[in-house]
Amino acid sequence: VQLQASGGGLVQAGGSLRLSCTVARLTTSDNVMNWFRQAPGKEREFVAGIRWREGKKSYADFVKGRFSISRVSAESTVYLQMSSLKPEDTGVYFCASSSGVVNSAAGVVSWGQGTLVTVSS
């Protein structure tokens, strides 16, 4: 699979941003599309995931109610709509594929390159 993330940028606290991840060359191991993030000096952490076929979603507790993951199969794109952004949401956001539902980087099959999100206070 090939994953290409985009949409990062600088936004003020309380603002919104939408990230996109285009997906190409899906394999049988790429059943779930995920977003992870990595803040400076911290480990990469799970943000949200969506089953590509069923559309079932999962979220990390710290983004519930603020972020929404979706996918448009016809566009081969996964989106992460982020609202009520906080400075602690700052980091590089990565899209990633996995064969099943994951909540850590250990289960990821493939990574895309990251896109930087900076939230100013």
Side-chain angles (χ1 to χ4, degrees):
V1 66
Q2 292 181 333
L3 305 169
Q4 180 79 29
S6 62
L10 174 64
V11 63
Q12 288 187 333
S16 300
L17 208 57
R18 189 178 77 162
L19 306 183
S20 301
C21 176
T22 56
V23 181
R25 301 182 183 177
L26 277 171
T27 72
T28 55
S29 297
D30 307 307
N31 297 314
V32 183
M33 295 298 155
N34 307 278
W35 286 98
F36 282 76
R37 71 184 186 186
Q38 188 166 21
K42 295 188 177 181
E43 292 187 352
R44 198 168 295 188
E45 61 183 355
F46 171 78
V47 175
I50 185 168
R51 288 188 177 272
W52 186 252
R53 295 173 184 81
E54 302 89 351
K56 186 175 181 180
K57 306 172 185 180
S58 60
Y59 296 95
D61 287 343
F62 56 78
V63 301
K64 284 182 179 178
R66 300 191 299 124
F67 292 10
S68 177
I69 189 171
S70 62
R71 58 99 171 84
V72 179
S73 299
E75 297 175 0
S76 297
T77 303
V78 177
Y79 297 100
L80 184 68
Q81 179 66 49
M82 306 185 293
S83 303
S84 302
L85 283 162
K86 306 174 183 179
E88 51 264 44
D89 293 318
T90 293
V92 178
Y93 283 69
F94 299 87
C95 55
S97 69
S98 58
S99 57
V101 175
V102 299
N103 58 11
S104 75
V108 169
V109 174
S110 297
W111 293 98
Q113 97 295 350
T115 185
L116 177 63
V117 173
T118 304
V119 184
S120 63
S121 57

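Small disclaimer: the values here were computed from a predicted structure and weren't measured.
Transitive grouping of hydrophobic side chains (ILVMFWY, heavy atoms separated by less than 4.5 Å) brings V119 and V47 into a common cluster. V1 and V109 sit in two unconnected hydrophobic clusters of ILVMFWY residues. Membership requires side-chain heavy atoms under 4.5 Å apart, directly or through other members. At a threshold of 4.5 Å between side-chain heavy atoms, the hydrophobic network of Ile, Leu, Val, Met, Phe, Trp and Tyr places V32 and V23 in two separate groups. Y93 and V102 are members of different hydrophobic clusters when ILVMFWY side chains are connected at heavy-atom separations under 4.5 Å. There is no path of hydrophobic side-chain contacts, each under 4.5 Å, that joins L19 to Y79.
Residues N34 and S98 have side chains in contact (heavy-atom distance under 4.5 Å, counting atoms from C-beta outward). Side-chain atoms of L3 and T22, non-hydrogen and from C-beta on, never get closer than 4.5 Å to each other. Between V101 and R51, the closest side-chain pair of non-hydrogen atoms falls below 4.5 Å. In this structure, M33 and C95 have side chains that are not in contact, with every pair of non-hydrogen atoms separated by 4.5 Å or more.
Distance check, rounded to the nearest 0.5 Å: CD of Q4 to OG1 of T115 gives 9.5 Å. In this structure, S83 OG and R18 CZ are separated by 11.5 Å, a value rounded to the nearest 0.5 Å. The structure places CD of Q81 at 12.0 Å from CD1 of I69, a figure rounded to the nearest 0.5 Å. Here the CD atom belonging to Q38 is positioned 8.5 Å from the CD atom belonging to E43, to the nearest 0.5 angstrom.
Between V108 and A96, the shortest heavy-atom distance links the atoms CG1-CB, 3.6 Å. Scanning both residues, A13 and P87, for their nearest heavy atoms gives CB-CD, 4.1 Å. Nearest heavy-atom pair across I50 and V78 is CG2-CG1, 4.2 Å.
With sequence neighbours left out, D89 forms a side-chain hydrogen bond (donor to acceptor under 3.5 Å, both in side chains) with R37, R66.
Among residue pairs with one or both ends in residues 30-70, those qualifying as ring pair (Phe, Tyr, Trp, His ring centres under 6.0 Å) are F36-F46, F36-W111; sequence neighbours excluded.
When each of T90, V92, L17 is checked for a side-chain contact (heavy atoms from CB on, under 4.5 Å) with V117, only L17 meets the rule.
A donor-acceptor pair under 3.5 Å is formed between the side chain of Q113 and the backbone N or O of A5. In this structure a side-chain-to-backbone donor-acceptor pair under 3.5 Å is present from R71 to R53.
Within 6.0 Å of CD on Q12 lie no more than 12 heavy atoms contributed by other residues, nucleotides or ligands.
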